[in-house]
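Notes follow the structure.
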Amino acid sequence: MSVIPAVVNRFFHQTASPPYFYALAERLAPWLTGVFLLLLAAGLYGGLYLAPSDYQQGESYRIIYIHVPAAWMSLFVYVLMAVMAGIALVWRMKLAEVMLIASAPIGAGFTFIALVTGSLWGKPMWGAWWVWDARLTFELILLFQYLGIVSLYGAIEDRRAAARAVSILALVGVVNVPVIHYSVEWWSTLHQGPTITKLDKPSIHVSMLIPLLLMAVAFKFYYLIAVLQNARLELLKREATSQWVKNLLEKTA
Amino acid sequence: MSISAAFFAIIRRDLLLAFRRRAEAANPLFFFVLVVTLFPLAVGAQPHLLQSMAPGVIWVSALLAALLSLDAMFRSDFDDGSLEQLLLSPYPLTVLVLGKIIAHWLVTGLPLLLVAPLLADFLGLPAQAMGTLWLTLIIATPLLSLIGAVGVALTVGLRRGGMILSLLVLPLYVPVLIFASGAVDRAAGGLAADAQLDILLAMLLAALVLAPLPVSAALKMSVN
């Protein structure tokens with residue numbers, strides 16, 4: 001414990017307390033929304049207006065400004081959930097459980113958006129709404145994993161037990177994600193190769209890349225806003241009988 | 001009693017229980033055959049079509065049979081309280097759980113090998129693929145039991161866990177399905193399937209070590 005600076009330690013202990021977190025999330029919300037809207041506006045302006053059209057795909061490539069950030073988020077949220085699951089299982093931290101639960105529907109939403117936009121793009125490009133390609137299939141299976149987490153949480157009545165179950169499932173799932181990814185890749189590949197993660201020289205022009213990265217950061221902020229709202233609601237439901245919620249209700253009433 | 005004695009005692013007990021309820025033990029087997037029989041009825045009996053579908057059909061059916069038999073892994077122990085006794089015993093839960101999973105596989109997974117030749121013949125799978133089919137079943141059905149055990153342990157406390165169980169477990173089964181049916185497919189085409197078999201074996205070894213950990217954590221949560 002001594003390696004962690006006292007400031008960080010105090011921050012963690014404070015934030016882990018539900019009333020403090022609730023108030024903090026409430027205070028952060030307008031700032032996060034502001035940053036999100038700025039980034040979104042800049043990203044959309046750059047992506048839909050400034051960026052040139054693609055010499056092969058014409059204008060329809062512009063859906064990547066939604067599709068790619070959503071697909072990144074679908075994985076990012078899952079990994080984040082696994083981290084929170086680890087914290088929840090090891091330290092029994094209530095707030096990690098709440099954040100894990102609050103993230104699951106949002107991650108499922110991002111996965112769904114990635115699938116739908118991919119299918120919309122696929123219709124003119126591949127001539128079919130759905131193609132059994134590796135990455136599409138992977139996203140679909142990821143969506144099922146998210147739905148499994150959501151429905152398992154809904155099925156167990158005791159919330160703490162449900163959170164433990166979901167944590168275990170999220171950890172097992174995250175071990176499986178790379179396995180599923182590579183097995184599906186092996187199974188079939190029709191999707192275009194990675195264009196951005198190629199480290200030496202991305203095969204995307206800078207004028208297209210910058211809006212894409214802006215959108216990716218905007219999506220992260222959107223996730224933060226959504227997850228904090230969701231976590232506040234979950235906290236209220238869990239702590240409905242505790243004193244601070246009663247005080248809060250009296251104040252707003 | 002040493003750990004290994006406890007481990008084998010669990011296996012012996014579960015096998016004995018299964019032996020006393022012989023009629024139930026045969027059910028996954030009948031289910032397996034029945035599902036395979038449905039495919040020609042649904043897609044038509046063209047020999048070429050069936051032959052090319054055979055590896056996939058057999059493996060999807062094996063997967064469903066494994067899924068259906070999963071619920072029995074901890075159900076009766078949960079109902080009569082022996083699961084609590086397992087949790088309270090001085091032996092490491094992971095070892096006991098591994099014993100239960102292995103016993104479950106011996107009862108529900110291993111018999112699938114017996115009917116595999118019959119089904120392969122039903123669907124016109126070339127004889128040269130038979131050995132590979134057997135190998136994939138030997139390697140991958142324990143994998144199904146190991147991965148499935150995580151799902152069962154999470155849902156055993158629920159009254160209607162069946163649907164959720166399949167939602168939890170089937171996505172995790174995808175890699176097994178891909179490599180197992182891929183191996184049989186390659187063997188049917190006269191190609192070497194070593195790579196797929198090696199990967200399945202690697203997954204089996206990893207699951208043997210790793211799967212009991214989440215299973216025991218989940219059982220502790222379920223019994224609570």
Side-chain angles (χ1 to χ4, degrees), chain A residues 74 78 82 85-86 88-90 92 97 104 108 111 132 134-189, chain B residues 56 140 143 146-183 185-186 193 195-196 198-200 202-204 206-207 209-224:
Chain A
S74 67
Y78 204 92
L89 280 179
V90 175
R92 305 279 163 105
E97 291 173 6
T111 317
W132 285 101
R135 279 197 244 175
L136 274 143
T137 315
F138 171 73
E139 283 286 315
L140 188 63
I141 295 165
L142 194 64
L143 180 64
F144 288 138
Q145 287 202 338
Y146 273 118
L147 295 180
I149 287 180
V150 174
S151 63
L152 182 65
Y153 185 69
I156 303 178
E157 264 165 41
D158 176 37
R159 292 200 179 239
R160 296 238 48 189
R164 297 216 68 198
V166 164
S167 306
I168 296 168
L169 184 63
L171 278 183
V172 173
V174 89
V175 172
N176 259 278
V177 160
V179 180
I180 294 176
H181 180 79
Y182 285 108
S183 58
V184 174
E185 199 102 315
W186 177 309
W187 166 71
S188 137
T189 295
Chain B
L143 204 48
L146 283 162
I147 298 172
V150 181
V152 195
L154 285 170
T155 54
V156 72
L158 303 175
R159 226 160 296 148
R160 280 166 303 174
M163 273 319 278
I164 292 182
L165 179 63
S166 42
L167 191 57
L168 300 188
V169 167
L170 284 179
L172 304 179
Y173 277 174
V174 167
V176 181
L177 180 69
I178 288 176
F179 289 115
S181 58
D185 203 36
R186 282 180 68 90
Q196 277 85 348
D198 288 350
I199 289 175
L200 282 175
M203 291 202 288
L204 174 62
V209 180
L210 295 177
L213 300 171
V215 174
S216 22
L219 282 179
K220 278 180 197 151
M221 182 279 303
S222 285
V223 171
N224 199 11

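From a predicted model like this one, the values you see are computed outputs, not experimental measurements. Protein chains get the first letters and strands the later ones, always in sequence-line order, with residue 1 at the start of each.
- Proximity to chain A (any heavy atom under 4.5 Å) is restricted, for B:Ile164, to the side chain, taken from C-beta onward.
- Of the two parts of B:Met203, only the side chain, counted from C-beta on, holds a non-hydrogen atom closer than 4.5 Å to a non-hydrogen atom of chain A.
- Taking every heavy atom of both residues into account, A:Val172 and B:Pro214 meet most closely at CG2-CB, 3.6 Å.
- If you measure heavy-atom distances from B:Leu154 to chain A, the contacts under 4.5 Å come from both the backbone and the side chain.
- Using a 4.5 Å cut-off between heavy atoms, B:Thr155 touches chain A through its side chain atoms alone.
- Between the CE atom in B:Met221 and the OG atom in A:Ser167 there is a gap of 9.5 Å [rounded to 0.5 Å].
- Contact tally against chain B (heavy-atom pairs below 4.5 Å) for A:Ile141, A:Asp158, A:Ile149: the top residue is A:Ile141.
- Scanning all heavy atoms of the two residues, the minimum distance from A:Gln145 to B:Pro171 falls at CG-CB, 3.8 Å.
- For a residue to count as touching a neighbouring chain, one of its non-hydrogen atoms must lie under 4.5 Å from one of that chain's; by this rule B:Ile199 touches chain A with the side chain only.
- Here the closest non-hydrogen pair linking B:Pro175 and A:Ile180 is CG-CG1, 3.7 Å.
- Under the 4.5 Å side-chain criterion, counting only non-hydrogen atoms from C-beta, B:Leu167 is in contact with A:Ser151.
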